Number of protein chains: 2
Amino acid sequence: MADRSRPRQAGDAQAPSAAVRHSLRDRVEASVREALLTGRFVPGRAVTLRGLAEELKVSPMPVREAVRALSAGHALEIRANGRIQVPTMTPSRLAELVRARVLLEPELAEAAAAHLGPREAAALAAIDDRIDASLDGGDAETYMRLNHSFHFTIYRAAGSEVLLPLVESLWLQFAPFMRTVYGRVGTSALIDHHKEAIEAVRARDAAALRKAVAADIRCGMDLLDIGLPDAVPSGPG
Amino acid sequence: MADRSRPRQAGDAQAPSAAVRHSLRDRVEASVREALLTGRFVPGRAVTLRGLAEELKVSPMPVREAVRALSAGHALEIRANGRIQVPTMTPSRLAELVRARVLLEPELAEAAAAHLGPREAAALAAIDDRIDASLDGGDAETYMRLNHSFHFTIYRAAGSEVLLPLVESLWLQFAPFMRTVYGRVGTSALIDHHKEAIEAVRARDAAALRKAVAADIRCGMDLLDIGLPDAVPSGPG
DNA sequence: GCCCACATTTTGTGATCACATTTTCATCAA
DNA sequence: TTGATGAAAATGTGATCACAAAATGTGGGC
């Protein structure tokens, strides 16, 4: 699905679990996760077992299990007729996603601060440089991949077994919609608080890191709120 | 798995999704969920596809998908050798579960308050009466089922699509361990804040409901903390 | 031109089989 | 008694097939 011939750089998306596992199922799940996180799977897109299987050159069997796992986290939706699709966004769902992100991610960032230092600050700065480049180039897909890497480079440092999976689930849910908004309003209007976050990591200031992450979430999701009314006809007026 | 011949009462556990679905996979998943939530599946217990299939009188196929879905939410654990088991508890994981519950559930309760009234307060009171009876009888399994019903009768009223599944995931994770603690210290030491919650629902007082739920969580989980050191030899000192 | 009926295709679900790996357990030697 | 060893059983993974339901496309009637 994705061309991996390019040399690995900081900020490249990777499977959340250990890399030693090489079951087809995990490979399929990783592919779909990345497709959702980078916006290649847009809301409403139909996902069929045989279609995905053919695309990934595997039998429908591992696809079934991967899709089932992703549906369990609401990253994919099983409709009443059994068909599978990327979930569509509604105003209330978006509001809830923002609420959940604001509750959980600053918590994770604050807990991560103790495990972050100059080395990680440099890595984050490298990712952020590539983010700026992708924004200038209008490359939404690369931007989304790097933005995910930026946040999860921080979050993973918290060593969380519970909160981190919850946050991953949230990202899988809002990312596809994020992509459609970028396609409509562009990525140039994007303002983030990555610089403040990097500075906070450098200073080992947990409170400042929490604040930067919280601000970053609000800014990013506000953009989605702006893009929502046009996307959902049944919006709240 | 469970005997359903008893007439349906308020507080009986039920599948989270619509009841009209009658695929074997959903039935299997519902069975395992209830087994986890009531503590019939204890931490460390091995779960095999063929074993579960035989127990539920289905082929291994629907079991595979159900287990995959539950593993995605960390309700079951896939070990490095591929075997499936109920996850074991660690002090850090328990602490995280408490943190996540305290963050999310009061939020859900506060949002639910607007949709709850005297009718729901009566239903909650009915469940709480049965809870008291189960505590007197020392029936931990019934207690856990009813306690789950009590909380989710409140939470479901919030009409949440995002937060509710997250909280369901948390319950599936701590419930099996909860059961082992009850088996060790008994259920008689249990103090909850259900009465305050019912009163808050009656008064349509969102802030009071949030407070009652938060207090209830802390009390219940503190008991687990007490039971933890004996359960996990590698505890924190 | 538009709508309904029917045949065809697509799709998810469940079952069964084959296979490699791991676990379990009986056997035997020290 | 203990530890190693090899056979046997158990287990997850992947593939293929059958089937029912739903979607899609097509032709005929108004």
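The structure presented is a predicted model; accordingly, all values stated were derived computationally and were not measured. Letters A, B, ... are given to chains in the order of the sequence lines, protein chains preceding strands, and every chain is numbered from 1. Values reported hereafter were calculated over all heavy atoms of this structure, with side chains retained and with hydrogens, waters and symmetry mates removed.
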Kindly write out the residues that satisfy ring-ring contact (aromatic ring centres under 6.0 Å, His included) with F152(B), not counting sequence neighbours, or none if the list is empty.
H148(B), Y155(B), W171(B)

Between atom CG in L49(B) and atom C1' in dA15(C), what is the gap in whole Å?
14 Å

Would you tabulate the side-chain donor-acceptor contacts of residues 69-77 of chain B under 3.5 Å, counting partners in other chains and residues two or more places apart, or write 'none'?
{"unit_1": "S71(B)", "atom_1": "OG", "unit_2": "V67(B)", "atom_2": "O", "d": "2.6"}
{"unit_1": "E77(B)", "atom_1": "OE1", "unit_2": "Q85(B)", "atom_2": "NE2", "d": "3.4"}

For atom CG of L24(A) and atom P of dC19(C), their distance in whole Å
17 Å

Report the distance from atom CG of L52(B) to atom C1' of dA15(C), rounded to the nearest whole Å.
17 Å

Using the side-chain hydrogen bond (donor to acceptor under 3.5 Å, both in side chains) criterion, which residues pair with E29(B)? Sequence neighbours excluded.
R33(B)

Taking the side chain of T48(A) as heavy atoms from C-beta outward, which of dG14(C), dA15(C), dT11(C) is closest to it?
dT11(C)

Under a 4.0 Å threshold between the charged nitrogen and the carboxylate oxygen, would E34(B) count as salt-bridged to R145(B)?
yes

Quick one: L56(B) CG to dA15(C) C1', roughly how many Å, whole number?
16 Å

CD of Q85(B) versus P of dG12(D): gap in Å, rounded?
12 Å

What residues, two or more places apart in sequence or in another chain, satisfy side-chain contact (heavy atoms from CB on, under 4.5 Å) together with A111(B)?
A158(B)

Qualifying residues under side-chain hydrogen bond (donor to acceptor under 3.5 Å, both in side chains), relative to R64(B), sequence neighbours excluded
E65(A)

Non-neighbouring partners of E110(A) that pass side-chain hydrogen bond (donor to acceptor under 3.5 Å, both in side chains), sequence neighbours left out
R210(A)

Using nucleotides 20-23 of chain D, report all nitrogen or oxygen pairs with the protein that are shorter than 3.5 Å.
{"unit_1": "dA23(D)", "atom_1": "OP1", "unit_2": "N81(A)", "atom_2": "ND2", "d": "2.7"}

With E96(A), which residues qualify under side-chain hydrogen bond (donor to acceptor under 3.5 Å, both in side chains), at least two apart?
S160(B)

Nearest-Å distance, CD1 (I84(B)) to C1' (dT23(C))?
15 Å

Separation of R27(A) atom CZ from dT13(D) atom P, in whole Å?
15 Å

Spell out yes or no: do the side chain of R25(A) and the base of dG14(D) have one donor N/O and one acceptor N/O closer than 3.5 Å?
no

Could you state the CZ-C1' distance from R50(B) to dA15(C), rounded to the nearest angstrom?
13 Å

If you apply the rule side-chain contact (heavy atoms from CB on, under 4.5 Å), what do you find for Y143(A) with L190(A), and how did you get there?
CA-CA 11 Å; Y143(A) 163 73; L190(A) 261 174; 3.3 Å; yes

Testing dA15(C), dG14(C), dA18(C) for proximity to the side chain of S23(B), the answer is dG14(C)

Within residues 60-67 of chain B, the residues having a heavy atom closer than 4.0 Å to DNA chain D are M61(B), R64(B)

